[in-house]
Amino acid sequence: MTWTILELLRNNPDKLKEHVKKRLMDPSIVDKAYNVDLKWRKMLTKVNEIRHRHNIISRSIGKAKSKEERMKLVNEARNLLKELEKLETDLKRLEAERETILYSLPNIVDDDVPVGDESASLPIEAWGEPKVWSGHLNAFLDQTERYGLSMNYKVIEWKPVGHADMLENVLGLGDTIKAGEVAGSRFYYLFEDLVWLDFALLLYAIDKLTSKGYRLTIPPYMLRYKVMGRVIDIETFKDAIYKIEDEDLYLIATAEHPLAALYYNEELYDDELPLKLLGVSPCFRKEAGAGNRDLKGIFRVHQFHKVEQFIYSTPEDSKKLHYELINNAKELFQELGLPYRIVNIASGDLGACATKKYDLEVWMPAQGMFREMVSASNCTDWQAYRLNIRLIRRKGMAREYVHTLNSTAIASTRTITAILENYQEPDGTVVIPKVLRKYLEVFDKAPHEAIYPKRKKKE
RNA sequence: GCCGGGGUGCCCGAGCGGACCAAGGGGACGGGCUGGAGACCCGUUGCCCCUCUGGGGCGCGCGGGUUCGAAUCCCGCCCCCGGCGCCA
């Protein structure tokens with residue numbers, strides 16, 4: 001038992017309550033968990049005592065000398081079993097109750113995390129030279145200088161076209177109407193240059209991060225219930241996860257899920273950590289909690305491609321590696337030339353798994369907002385406890401839990417929206433970021449320098 | 001999908017209804033020996049609970065069942081190997 005949260009629950013429940021309060025959740029869950037755990041431990045002791053008595057008698061039956069003695073002992077054992085039956089039912093019930101409540105406890109909150117609801121999330125740094133339409137200037141300053149972030153921005157007088165209109169009307173390279181008819185809203189058809197762009201973005205992230213030593217991985221795109229339930233919390237399950245009819249299979253919402261499950265019920269030695277993985281997969285999301293937000297375009301969709309960073313680490317290294325993940329993401333977006341700010345996400349908006357989370361938000365010139373492109377979470381031992389992934393120290397062979405961390409590298413459709421708005425020229429042409437060009441040059445039919453509006457095309 | 005064989009501790013592997021409650025080996029870890037290393041010797045090496053220099057319970061793919069007693073018998077599921085079929 002070295003799970004941080006269980007230790008805290010038993011030794012200092014008030015402290016754990018503070019963490020739960022920071023998340024704006026009802027702290028009475030801690031009292032419930034404490035009581036159920038205590039009750040379970042007492043019941044376990046009681047049951048074990050009776051099992052012990054039963055075991056002693058049961059073992060002596062094999063050595064009984066006479067038939068009478070044998071029958072007497074068998075009857076005694078039977079009586080104890082009858083007594084056990086009810087207690088074991090109670091114990092099982094308590095066990096299930098305990099598991100449910102322990103698994104519903106969120107991770108503790110890191111000291112650096114700003115406390116409050118999403119409005120308390122704190123932009124902490126910014127990079128790049130955003131194009132700001134004059135009509136958005138106040139909004140822009142409100143999202144940067146208000147937090148003490150200064151950016152060299154360029155005011156433009158023409159208003160860029162939103163990514164949804166760009167896609168569908170200006171470029172004519174997407175069809176969400178037909179997709180809506182045949183699959184539903186938040187689906188899309190993408191064509192030609194945008195498909196090339198999608199793949200080029202993935203290749204770019206794969207190229208960069210494999211060079212940094214991340215192990216390239218294609219994971220399963222579906223997981224069993226018992227595994228998925230351990231990787232994520234119930235809320236995420238309800239809001240994001242699709243199920244396959246008549247099968248015990250759930251579509252992943254990100255490669256994080258199968259990458260976290262890679263060492264399900266396994267042991268990792270401290271000298272083989274950190275393990276850095278790079279998952280490439282489609283992501284399937286219900287977006288059930290999204291309401292009517294971002295209904296147009298491909299910013300928030302049921303399906304997209306993503307390159308995902310994932311790290312298994314020792315507890316002492318996880319903070320450092322969390323910075324590594326967000327720094328990798330910054331590097332990717334700097335080279336893409338997309339201006340961003342980094343946000344330290346507030347306690348109330350963390351999600352149950354994370355102890356701390358950084359988002360990278362790119363400035364969207366048409367929307368006049370910074371929008372999330374990357375999310376980097378340190379889950380410490382929250383996932384590892386649920387997935388039973390142990391850490392073994394060579395020195396002394398002590399057993400603990402590993403820490404897990406995850407971060408987006410590139411999410412295809414979102415990054416495409418960012419390019420459509422940031423690389424847009426007044427005439428609707430979209431210049432292709434230089435860093436992507438080498439992944440497009442090799443294909444004759446791929447766009448090499450820019451994507452042109454449909455009415456400008458000569459062909 | 002069908003037929004046959006199989007899943008034992010970190011790994012290999014014995015056990016196939018009860019007799020110190022998984023033999024034996026390897027690896028790892030701790031200690032001894034050494035100037036240091038190797039070899040060698042001793043010990044530890046599944047999970048959980050407690051009144052924790054000790055005591056106890058549960059563990060043999062997962063979940064049920066039979067029995068006073070199951071790694072061992074029965075049922076369902078999962079996975080692996082071989083053969084047949086099907087398929088990109």
Side-chain angles (χ1 to χ4, degrees), chain A residues 1-7 9-11 33-103 218-230 243-250 258 261-273 275 282 312 314 381 384-402:
Chain A
M1 200 273 290
T2 51
W3 186 37
T4 322
I5 293 166
L6 187 56
E7 247 166 26
L9 177 70
R10 287 183 181 172
N11 303 326
Y34 182 88
N35 288 327
V36 171
D37 182 55
L38 197 67
K39 248 163 99 182
W40 170 78
R41 286 196 282 169
K42 283 192 175 142
M43 181 60 82
L44 183 61
T45 305
K46 201 163 153 192
V47 167
N48 280 345
E49 272 163 18
I50 296 174
R51 280 176 179 162
H52 179 52
R53 275 157 60 199
H54 176 262
N55 282 344
I56 287 171
I57 293 166
S58 183
R59 273 177 215 144
S60 69
I61 290 171
K63 298 177 214 154
K65 290 177 200 89
S66 65
K67 201 165 183 186
E68 293 75 47
E69 193 189 337
R70 198 185 152 84
M71 277 319 293
K72 187 178 153 253
L73 288 168
V74 168
N75 277 329
E76 233 175 289
R78 280 196 178 128
N79 286 336
L80 274 177
L81 273 184
K82 216 173 269 171
E83 202 178 326
L84 251 183
E85 205 176 349
K86 192 193 161 292
L87 290 173
E88 289 202 316
T89 316
D90 288 351
L91 181 67
K92 256 192 174 163
R93 203 198 65 237
L94 275 171
E95 240 163 31
E97 214 177 305
R98 174 178 180 266
E99 192 182 283
T100 306
I101 198 154
L102 285 186
Y103 282 159
I218 290 180
Y221 299 161
M222 304 175 206
L223 294 172
R224 292 187 207 291
Y225 177 83
K226 70 174 182 190
V227 177
M228 193 63 103
R230 299 302 174 88
K243 184 184 194 313
I244 303 290
E245 171 112 20
D246 296 331
E247 305 261 2
D248 177 28
L249 286 172
Y250 296 79
L262 177 59
Y263 294 103
Y264 180 53
N265 286 333
E266 306 250 354
E267 297 172 333
L268 297 171
Y269 288 88
D270 54 355
D271 58 10
E272 57 185 334
L273 297 175
L275 271 164
Y312 290 90
T314 57
D381 59 0
Y385 172 76
R386 298 158 74 97
L387 288 161
N388 192 28
I389 304 174
R390 306 306 292 254
L391 160 69
I392 300 184
R393 306 264 184 196
R394 292 281 184 192
K395 271 265 175 274
M397 295 297 275
R399 295 167 66 81
E400 302 172 25
Y401 288 97
V402 300

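Throughout, a chain's letter reflects where its sequence line sits, starting with A, and its residues are numbered from 1.
With P as the reference atom, rG59(B) and rA22(B) are 12 Å apart, rounded to whole Å. If you take atom P in rC49(B) and the same atom in rA39(B), they sit 38 Å apart, rounded to whole Å. Between rC16(B) and rC50(B), the distance separating the two C1' atoms is 35 Å to the nearest Å.
Minimum interatomic distance between Arg10(A) and Arg98(A) (heavy atoms only, all atoms of both residues): NH2-NH2, 3.4 Å.
Going from atom CD1 of Ile56(A) over to atom NE2 of His52(A) covers 3.5 Å, rounded to the nearest 0.5 Å.
Contact annotation: Arg224(A) reaches the phosphate of rC79(B) (side-chain N/O to OP1 or OP2, under 4.0 Å). At rG69(B), none of the side-chain N or O atoms of Arg59(A) fall inside 4.0 Å of OP1 or OP2 (strictly under the cut-off). In this structure, Lys42(A) does not reach the rU51(B) phosphate: none of its side-chain N or O atoms is under 4.0 Å from OP1 or OP2. Taking side-chain N and O atoms only, Arg10(A) has a distance below 4.0 Å to OP1 or OP2 of rC49(B). The phosphate of rG57(B) (OP1 or OP2) has a side-chain N or O of Asn55(A) nearer than 4.0 angstrom.
Looking at the side chain of Lys92(A), the nearest of the listed nucleotides rG64(B), rC48(B), rC68(B) is rG64(B). Checking rA28(B), rC10(B), rC49(B) against the side-chain heavy atoms of Glu267(A) singles out rC10(B) as nearest. In the set rC50(B), rG18(B), rG56(B), the nucleotide with an atom closest to the side chain of His52(A) is rG56(B). Counting only heavy atoms from C-beta on, Thr45(A) has its side chain closest to rC49(B) among rG57(B), rC48(B), rC49(B). Proximity note for His54(A) (side chain, C-beta onward) versus rC58(B), rC10(B), rG69(B): the nearest is rG69(B). For Asn48(A), the listed nucleotide lying nearest its side chain is rG56(B); candidates were rC47(B), rC50(B), rG56(B). Comparing rG57(B), rG69(B), rC49(B) against the side chain of Leu44(A) picks out rC49(B) as the nearest. Of all nucleotides listed (rC29(B), rC47(B), rC68(B)), rC68(B) comes nearest to the side chain of Leu81(A). Between rG64(B), rC21(B), rC47(B), one nucleotide has an atom nearer to the side chain of Arg399(A) than all others, and that is rC47(B).
Asp381(A) and Thr4(A) share a donor-acceptor pair across their side chains, judged by distance under 3.5 Å alone.
rC21(B) atom C1' lies 12 Å from atom CD1 of Ile56(A), rounded to whole Å. rC10(B) atom P lies 17 Å from atom CG of Asp271(A), rounded to whole Å.
Annotation: cation-pi geometry satisfied between Arg390(A) and Tyr401(A) (NZ/CZ under 6.0 angstrom from ring centroid, within 45° of ring axis).
Mapping Ala77(A) and Arg41(A) onto RNA chain B by nearest heavy atom places Arg41(A) closer to the 5' end of the strand. Summary of the strand contacts: Trp40(A) and Val74(A) both lie near RNA chain B, and taking for each the nucleotide with the nearest heavy atom, the more 5' one is attributed to Trp40(A).
Counting heavy atoms from C-beta outward, Glu88(A) and Leu84(A) have side chains that approach closer than 4.5 Å. In this structure, Tyr312(A) and Leu268(A) have side chains that are in contact, with non-hydrogen atoms separated by less than 4.5 Å.
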